[in-house]
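Below, chains carry the letters A, B, ... as their sequence lines are ordered, and counting in each starts from 1.
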Number of protein chains: 2
Amino acid sequence: MARPTIEDVARTAQVSKSTVSRVLNDSSEYMREQTRSHVLAVIRDLGYRPSGVARSLTLKRTQTIGLLVSDISNPFYADVILGVESIALAHNFDIFLCNTMYDPQRGSRFADSLIDKQVDGVLVTTTSLSDQFVVELVSNQIPVVALDWTPPPLDEKVGVVISNFETGIAEAANHLVDLGHQRFAHIGGPPHIRTSRRKREAFLGALRAHGIEPANVVVIDGNMSFASGKAALIELLALAKPPTAIFAADDLTAIGVIGEARTRGLQVPRDLSVIGFGDVPFAAQVMPPLTTIALPRHEIGRIMMTMLLDLLHNSVNLPNTITPMQQVETQLFIRESTAPVKKAH
Amino acid sequence: MARPTIEDVARTAQVSKSTVSRVLNDSSEYMREQTRSHVLAVIRDLGYRPSGVARSLTLKRTQTIGLLVSDISNPFYADVILGVESIALAHNFDIFLCNTMYDPQRGSRFADSLIDKQVDGVLVTTTSLSDQFVVELVSNQIPVVALDWTPPPLDEKVGVVISNFETGIAEAANHLVDLGHQRFAHIGGPPHIRTSRRKREAFLGALRAHGIEPANVVVIDGNMSFASGKAALIELLALAKPPTAIFAADDLTAIGVIGEARTRGLQVPRDLSVIGFGDVPFAAQVMPPLTTIALPRHEIGRIMMTMLLDLLHNSVNLPNTITPMQQVETQLFIRESTAPVKKAH
DNA sequence: CTGAAAGCGCTAACAT
DNA sequence: ATGTTAGCGCTTTCAG
């Protein structure tokens, strides 16, 4: 037989739907204990479960958020998701996971879906090509908090958390320079991704502070994967004067570089220093353990969700002329994939 | 101003709601092209988006499924999720990701949530302690397809996909025996997990076929993580006669073992052979590349979702006396973490 | 302290 | 070819 409704409960308990609704939401404490417990009993007997859908329709609230990530198989996101989850669950929110795979097409498709499903808000940890779908979301009254994204001036309910790449990357550059390196390469993320550009600029900028001209550092576009690290290294080794130090925009890429180096007979860090970005759990497990720039992934998730909750709570439009913003720091973890440059012989 | 409703569209287009609804669902092709395009225009002008919630309420269908995984940070699941997604998206289903962290509490909490949200079906890739929440789901008319779970006899709409651990694990055992090993250890997953037990039995069984008594192989319970691999190895090395070959129920564990071995001055595979399970992408990147048992993760995801779709489609109860079941195979990938046993000196 | 009734936004007969 | 109407299951004034 079909799922019982509130009506069924009301009828068999000989009360009105309102009463049932009241015991469900413990609103109006004023109720005969007898009534309450009787209704409760009936609910249990019938195995009644309120319909979230109906509830959402009347309440105009779904207790659900959307979470956009670029690539769920990148361990970076796993922790962010965990962070989001930790605070979402505590507030009884469920999560629609949307995995864009760096594809704007998929991004809009998900945005559409989230709008249709009427999520209460969305978290965007991926900013591909266009801001289009973020705009689409907010213009449909859906609060958004985005990671590493500077919102256009005309905002509705949006918040942002910004990672301070610059300091961590500067530490990395300094470290490499201190080690005596002079020939550098950078393997970036997909170039249309905002953060790829920011990381590159940060690295080139830090190097220039040491007198190394951007024109002299080789930059290759990768795509945040083992494969792209391998491919990039092959390309770099073909150069007349290959770099002695590589900064990859992503740990996966860095690990790919290390692996490829080994298969080509190069030893990291003796022959080549490499620094990653992200400090994913594996970074410490590979051989040699990866020197990398850490981001507080879990915290990022928590902050984002918390910020969203704030946005949701202040639904009584406070003057949102200023968009909430929070910054998280990055930090270099020196392990064993970097070493002094080999003496030229 | 608030989100426009179908009513608004109808009014400003001077037609009835039904008409609008019709153009939305291109049902009834019989409609004056003029009407259709006019309505479409109004829809565009108003920026109207149908409410998925209202739609779900009347249709009793949410176009949403739940996906239960044990640990989203385990790369094993990333691919399964991708597989599920690939076919879910094509059929316009969205996914509620539920990350149980091997915690039955969280499991039931999610089950409740999924029931309330009225998902159309759920995929369970995690079977912790009790089958309780699977039962809860199906008894609420929600179709379930589960991974590596033998359903109780009295089923509603459930499907299962079973991984044939046995063959892959037997290959692994044979491989180790061929290499001359005689002292074995197994580091399992959480013991209350069904699959942990199955893997252990498979390993012990395969070994016994070679005359090695189960009593002689050390079994340690782990929890599918680097840390548990490290801890287990420490324990094993404290033994009077430490094993020379270890089969870990999970790649993360195996990688943890290798890492710990290195920090304790042991060389893998010279001093110790280790085999993992899962063949996660990292397995091939660590040093030495991990010999491991592969599962068709992506395919598992696809099969599960496909099966669910079938269940959903045959909502006109076919005699579901037999529950759909499909088996996937496992296979040993020999890489470099296994080698002939060292000669005793 | 509890009930009646309206309404949330949409679809699906059933008219016309 | 299009309009009318009756729900879908719940919450929430407003009465009593």
Can you tell me how far [atom2] of [N] sits from [atom1] of [X], to the nearest Å?
X       : N      : atom1 : atom2 : answer
B:His38 : D:dT2  : NE2   : P     : 12 Å
B:Lys17 : C:dT11 : NZ    : P     : 10 Å
A:Leu24 : D:dT11 : CG    : P     : 6 Å
B:Ile43 : C:dC10 : CD1   : C1'   : 13 Å
A:Ile6  : C:dG3  : CD1   : C1'   : 13 Å
B:Arg22 : C:dC10 : CZ    : C1'   : 13 Å
B:Leu57 : D:dG9  : CG    : C1'   : 6 Å
A:Glu7  : D:dC8  : CD    : P     : 9 Å

Could you tell me whether the phosphate oxygens of [N], OP1 or OP2, come under 4.0 Å of any side-chain nitrogen or oxygen in [X]?
X       : N      : answer
A:Thr35 : C:dT2  : yes
B:Lys60 : D:dG9  : yes
B:Ser21 : C:dT11 : yes
B:Arg55 : C:dT11 : yes

Which nucleotide in [options] has an atom nearest any side-chain atom of [X]:
X       : options               : result
A:Thr58 : D:dA6, C:dA12, C:dG7  : C:dG7
A:Arg32 : D:dT2, C:dT2, C:dG3   : C:dT2
B:Ser16 : D:dT2, D:dC10, C:dC10 : D:dT2
A:Ser18 : C:dG9, D:dC10, D:dT12 : D:dT12
B:Tyr48 : C:dC10, D:dT13, D:dC8 : C:dC10
A:Thr5  : C:dG9, D:dC10, D:dC14 : D:dC10

Comparing A:Arg49 and B:Thr19 on DNA chain D - which has the more 5′ nearest nucleotide: B:Thr19

Got a salt bridge between [X] and [Y], using NZ or NE/NH1/NH2 to carboxylate O under 4.0 Å?
X        : Y        : value
B:Arg109 : B:Asp112 : no
B:Arg302 : B:Glu85  : no
B:Arg49  : A:Asp116 : yes

Using only atom types and a distance under 3.5 Å, with no angle test, would you say the side chain of [X] pairs donor to acceptor with the backbone of [Y]?
X        : Y       : value
B:Arg106 : B:Asn99 : yes
B:Asp120 : B:Ile65 : no
B:Ser37  : B:Glu33 : yes
A:Ser56  : A:Ala54 : no

Sugar-phosphate only, base, or nothing, as touched by B:Val53 at under 4.0 Å among non-hydrogen atoms: nothing

Touch class at under 4.0 angstrom, heavy-atom based, for A:Val15 against every strand present: sugar-phosphate

Results of side chain to side chain donor-acceptor pair (under 3.5 Å) for A:Lys17 - residues two or more places apart only: none

Axis deviation across the helix from C:dC1-D:dG16 to C:dT16-D:dA1, five-pair ends, to the nearest 10°: 40°

Pair of N/O donor and acceptor under 3.5 Å linking C:dG9 base with B:Arg3 side chain: no

